[in-house]
Amino acid sequence: MKELPQEYYQLLEEIQAADFVLVELSLYLDTHPNDIEAIQQFNQYAQYSKQLKQMFESKFGALQQFGNSFSDANWSWGTMPWPWQV
Amino acid sequence: MWFYEKKLQYPVRVSTCNPKLAKYLIEQYGGADGELAAALRYLNQRYTIPDKVVGLLTDIGTEEFAHLEMIATMVYKLTKDATPEQLKEAGLGEHYVNHDSALFYNNAAGTPWTATYIQAKGDPIADLYEDIAAEEKARATYQWIIDMSDDPDLNDGLRFLRQREIVHSQRFREAVEILKEERDRKKFF
């Protein structure tokens, strides 16, 4: 496996942080479905996470499966490293 | 349906090759209170639980698969450079003869995962109380593994997982209250 740039880890960690907010808000909203402020924060982070992923994927290939990410001219799903390899 | 995303929920790092720690950690992979049991328990209960808590069981069950992947990554990283001799010294000789260094769903003592670890009673309160207990048992197990571990990088990931058990337990407790409220309301109208 070729060495990955520091940027890979930085961008990935920003995504992990944003998506953690989304997981936490999802579970919270499952038991507090009427909290409008939490819903606003959820939508704000959903937007932010999408932007971060677009940036990551333009450099390091698709994050998501089955058409939830676009592909460039090189199908990188099998060639870019898996989470347990980095 | 489900989608895979090519990232861990939280970064997993380990300091050194340490098959002994991997042997302990496998408890949370294929043990009674491990992540596989949790994911399968919640995602199976959700078909017959009241609509008000199906969303919660779906989301927590899905998160458990992300935790399962984190445990697998920890075990993989702790064992990938180990020689058969080192595995034997760590008490993984029996594992090696059956699986080489492949992962398998068993507990720390080597007993394979079984569906008898989980239950679905069709009674929502019984099911949710089991889920709360499962989270508390998993939280305790993470603490005991952290106590056995001298790897600060690994412990960072384990502390994240321990805290998630607390959040899940709290959300399940809220789900119980939601169902009790609904039940009491029906009594009066």
Side-chain angles (χ1 to χ4, degrees), chain A residues 1 4 6-35 38-39 42 46 49-50 52-71 75-86, chain B residues 1-14 42 46 49 51-80 103 128 135 157 160 163-179 181:
Chain A
M1 191 68 55
L4 289 160
Q6 199 50 39
E7 194 189 13
Y8 174 93
Y9 294 95
Q10 272 164 7
L11 284 175
L12 192 63
E13 213 160 302
E14 280 175 46
I15 292 168
Q16 285 165 323
D19 282 2
F20 178 69
V21 175
L22 288 164
V23 169
E24 266 293 73
L25 283 172
S26 295
L27 301 193
Y28 170 80
L29 283 163
D30 287 340
T31 54
H32 303 77
N34 303 316
D35 188 332
I39 292 173
F42 177 87
S49 170
K50 277 200 173 57
L52 289 175
K53 284 175 191 177
Q54 245 172 19
M55 197 164 34
F56 179 94
E57 289 175 330
S58 70
K59 291 173 177 161
F60 303 112
L63 276 168
Q64 296 183 56
Q65 202 178 21
F66 297 151
N68 286 287
S69 296
F70 289 101
S71 180
W75 183 254
S76 60
W77 189 246
T79 50
M80 284 308 284
W82 297 93
W84 55 93
Q85 297 170 332
V86 298
Chain B
M1 76 176 284
W2 270 268
F3 297 107
Y4 185 70
E5 184 159 38
K6 213 173 185 178
K7 75 176 209 299
L8 297 179
Q9 191 190 4
Y10 184 90
V12 164
R13 297 184 184 94
V14 310
Y42 307 149
R46 74 196 174 117
I49 210 118
D51 286 352
K52 280 207 156 175
V53 296
V54 175
L56 182 68
L57 280 174
T58 303
D59 287 346
I60 295 183
T62 300
E63 189 184 350
E64 305 296 3
F65 276 121
H67 296 173
L68 189 69
E69 190 184 29
M70 283 178 65
I71 297 289
T73 300
M74 291 171 177
V75 171
Y76 171 75
K77 288 187 173 186
L78 288 167
T79 54
K80 70 183 170 66
L103 277 75
L128 284 169
E135 295 293 337
F160 172 84
Q163 298 310 103
R164 297 309 295 154
E165 308 298 339
I166 296 170
V167 172
H168 291 176
S169 173
Q170 295 294 341
R171 295 282 98 92
F172 282 136
R173 286 160 201 248
E174 289 162 359
V176 168
E177 295 311 311
I178 289 169
L179 293 188
E181 220 173 274

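Proteins get letters first, then strands, A, B, ... in listed order; numbering begins at 1 in each. The analysis underlying the following values was restricted to heavy atoms, covering all of them including side chains, and did not include hydrogens, waters or symmetry mates.
Only the backbone of A:Ala62 comes within contact range of chain B, with at least one heavy atom under 4.5 Å from a heavy atom of that chain. With a 4.5 Å cut-off on non-hydrogen atoms, B:Leu8 touches chain A through its backbone and its side chain both. When heavy atoms are compared at a cutoff of 4.5 Å, A:Tyr9 does not approach chain B at all. Heavy-atom distances place no part of B:Phe172 under 4.5 Å from chain A, backbone and side chain included. Only the side chain of B:Glu63 comes within contact range of chain A, judged by heavy atoms closer than 4.5 Å. In this structure, the portions of A:Gln64 lying under 4.5 Å from any heavy atom of chain B include both its backbone and its side chain. Within the 4.5 angstrom heavy-atom criterion, no atom of B:Glu177 approaches chain A. Contacts between B:Met1 and chain A at a heavy-atom distance below 4.5 Å involve the side chain alone, from C-beta outward. When heavy atoms are compared at a cutoff of 4.5 Å, B:Lys77 approaches chain A solely by way of its side chain, counted from C-beta outward.
Note: B:Asp59 CG to B:Arg46 CZ = 10.0 Å, rounded to the nearest 0.5 Å.
Considering only heavy-atom pairs separated by less than 4.5 Å from chain B, the leading option among A:Leu12, A:Asp19, A:Leu29 is A:Asp19. Of the listed residues B:Val12, B:Ile60, B:Val53, the one with more heavy-atom pairs under 4.5 angstrom with chain A than any other is B:Ile60.
Taking the six-membered ring where tryptophan is involved, the planes of A:Phe60 and A:Phe56 are tilted, since the angle between them lies from 30° to 60°. Ring pair B:Tyr4/A:Trp82 is tilted by interplanar angle, where 30° to 60° counts as tilted.
Of the possible donor and acceptor atoms, one in the side chain of B:Thr73 sits under 3.5 Å from a partner among the backbone N and O of B:Glu69. A:Ser58 places a side-chain N or O within 3.5 Å of a backbone atom of A:Met55 that can act as its donor or acceptor partner.
Under the 4.0 Å criterion applied to side-chain N and carboxylate O atoms, A:Lys53 and A:Glu14 are not assigned as salt-bridge partners.
Taking B:Lys52 as the reference, B:Glu182 meet the salt bridge (Lys or Arg N to Asp or Glu O under 4.0 Å) condition, with sequence neighbours excluded.
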Decide salt bridge (charged side-chain N to carboxylate O under 4.0 Å, His left out) for A:Glu24 and B:Arg164; before the verdict, give the C-alpha distance in whole Å, the side-chain angles of both, and the deciding distance to 0.1 Å.
CA-CA 9 Å; A:Glu24 266 293 73; B:Arg164 297 309 295 154; 3.0 Å; yes

